[in-house]
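Chain naming here is simple, since letters A, B, ... match the order of the sequence lines and numbering starts at 1 in each. From a predicted model like this one, the values you see are computed outputs, not experimental measurements.
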Number of protein chains: 2
Amino acid sequence: MSQAELRILLIEDEPHIRRFVRSTLEAQQWTVYEADCGQRGLVEAGSRQPDLLIVDLGLPDMDGVALIRDFRHWSQAPVLVLSARSDEADKIAALDAGADDYLTKPFGVGELLARVRALSRRHARQLEASPLLSFGEVSVDLARREVRRGGVEVALTPMEYKLLCALLRDAGKALTHRMLMQAVWGPGHTDDSHYLRIYMSRLRQKLEQDPAQPVHFITLSGVGYRFQF
Amino acid sequence: MSQAELRILLIEDEPHIRRFVRSTLEAQQWTVYEADCGQRGLVEAGSRQPDLLIVDLGLPDMDGVALIRDFRHWSQAPVLVLSARSDEADKIAALDAGADDYLTKPFGVGELLARVRALSRRHARQLEASPLLSFGEVSVDLARREVRRGGVEVALTPMEYKLLCALLRDAGKALTHRMLMQAVWGPGHTDDSHYLRIYMSRLRQKLEQDPAQPVHFITLSGVGYRFQF
DNA sequence: CGGGCGTTTACAGCTTGTTTACAGCAAGCC
DNA sequence: GGCTTGCTGTAAACAAGCTGTAAACGCCCG
């Protein structure tokens, strides 16, 4: 297992809980970095680049949810929340902000370790899993954000890439114009499906063998589109 | 031998032992920095970047083992422990924390020097064997913090080096502007990606064969960058 | 006070999103 | 059939924003 190299950043202001969690985690041979407030937490996160973030929501200097949201802007590492509050609203807020798990105080050693293991496993799978999607002579590497066709890299604009991702995410399903517009342009321009046709055309030009007779990017007239592997 | 340039940080609270060790080491033409407590020791370690750390476990303000562990988090330099305690548990704790050797008081001059020489030798070997990352005609030695291009050392500023490290750490993956800004400038200036472009340009000037047509430092327009070996 | 370094400013060139225009194409209606 | 109408696909053009680079500025430190 790669757990031996797990590097965890713990952001917790209460010293006794910090010691408790730290010793529990270090007993598993994991590396633990500490921060006692949100500001230092973010600095440590930037310099340490941890594999897992454990953060107490009740920090003295900043809102834990805001911290998570900031962290999520630039890191994919899993986030485990510790909190004295068990309100569902708090949990929702934290999870929506990007947290992956939420542990209510008081908690036991066994549960903490089990949750950390679960998170690290999930993260490891993400890294290990061959992120290569392929159809026809095209392969898509989501981590590298790279699209190849017959081995040659194809340059997709951000919009084109977003659209392709939306199609791949729900491959095989019928997607209405509104759904796709929503996915690419966000709430708003969900009406003018003209953009969508232009970008679908460009995707076909770049990825279909014969753009005039698409095999993977199927038109559902009057409805929308469907992607087919 | 490069021992002539050995720079040693001594963290010891007892003045007479400090004087004794210092004079012993300086007789070998080595440079000795001093700290009389753990806090100042860590500060000195960070600013002096010593080649070797000698630390007394019985410091007044902090646990010597914790100090070693902290030091180990960001430095590979060898650590020699001085201690009045000879319990096996203490040694194991210190060595597991990252210490390389454990010397029990009282100790003789000869043994101290021999152990220091052994440690510096081992460290030198480690440095020689330090893993080289290389791409194109460039090689990066993270342990030595040295970048060479066609065998000639390239001088990188701290910012440039940080950026290069961030790129190397997640080589092959797409890194957004935010991710890179966070890694180099920390939380805060994660918005203005202009700095980033300037430094990416400087890295390309220094490391790419043809900066106008970068092969390793790939631009992902509207997204960020990706480093490629 | 001089040099190195991070930051700011300025600008040219290119990429991209959006707009505009126009050509099939199928279905329906006279 | 001929025509209209609505939907669809493609091409070209343009403005705005993004990107890369050079140069100047200010600041710290020896």
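Listed by residue number, B:I198, B:Y199, B:R202 are the residues of residues 198-211 of chain B with a heavy-atom contact under 4.0 Å to DNA chain C. Residues from residues 220-229 of chain A placing a heavy atom under 4.0 Å of any atom in DNA chain D, listed by number, are A:S221, A:G222, A:Y225.
Spacing between atom CD of B:Q213 and atom P of D:dG20 amounts to 13 Å, rounded to whole angstrom units. Spacing between atom NE2 of A:H177 and atom C1' of D:dG9 amounts to 12 Å, rounded to whole angstrom units. Regarding B:M159, its CE atom lies at a distance of 18 Å from the P atom of C:dG4, rounded to whole Å. The distance between atom CG of A:L156 and atom C1' of C:dT16, rounded to the nearest whole Å, is 13 Å. Between B:H194 atom NE2 and D:dG20 atom P there is a gap of 11 Å when expressed in whole angstrom units. Between the CG atom of A:D192 and the P atom of C:dT20 there is a distance of 11 Å, given to the nearest Å. Atom CG of A:L163 and atom P of D:dG9 are 12 Å apart (whole Å).
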Got a list of side-chain donor-acceptor pairs under 3.5 Å for residues 154-166 of chain B, not counting sequence neighbours?
{"unit_1": "B:T157", "atom_1": "OG1", "unit_2": "B:E160", "atom_2": "N", "d": "3.3"}
{"unit_1": "B:E160", "atom_1": "OE1", "unit_2": "B:T157", "atom_2": "N", "d": "2.9"}
{"unit_1": "B:E160", "atom_1": "OE1", "unit_2": "B:K206", "atom_2": "NZ", "d": "2.8"}
{"unit_1": "B:E160", "atom_1": "OE2", "unit_2": "B:K206", "atom_2": "NZ", "d": "3.4"}
{"unit_1": "B:K162", "atom_1": "NZ", "unit_2": "B:V184", "atom_2": "O", "d": "3.4"}

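Smallest separation of non-hydrogen atoms from B:W185 and B:L196: CH2-N, 4.1 Å. Smallest separation of non-hydrogen atoms from A:A99 and A:I68: N-CG2, 3.7 Å.
Other residues, nucleotides and ligands contribute only 12 or fewer heavy atoms inside 6.0 Å of the CD atom of A:Q213. Applying the 6.0 Å contact sphere to CD of A:Q209 captures no more than 12 heavy atoms from other residues, nucleotides or ligands. The number of heavy-atom neighbours closer than 6.0 Å to CD of B:Q205, taken from other residues, nucleotides and ligands shown, is above 12.
Within 4.0 Å of A:T219, counting heavy atoms only, lie sugar-phosphate atoms of the nucleic acid but no base atom.
Put simply, CZ on B:R48 and CD on B:E44 are 5.0 Å apart, with the number rounded to the nearest 0.5 Å. Separation of atoms OG1 (A:T219) and CZ (A:R226) is listed at 10.5 Å; rounding is to 0.5 Å.
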Evaluation steps, side chain to side chain contact (heavy atoms under 4.5 Å, CB included), between B:I54 and B:V116: CA-CA 9 Å; B:I54 301 180; B:V116 168; 4.2 Å; yes
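Between A:T157 and C:dT15, a side-chain N or O to OP1/OP2 separation shorter than 4.0 Å is absent. Dashed line: the shortest gap from a side-chain N or O of A:W185 to OP1 or OP2 of C:dT18 is under 4.0 Å.
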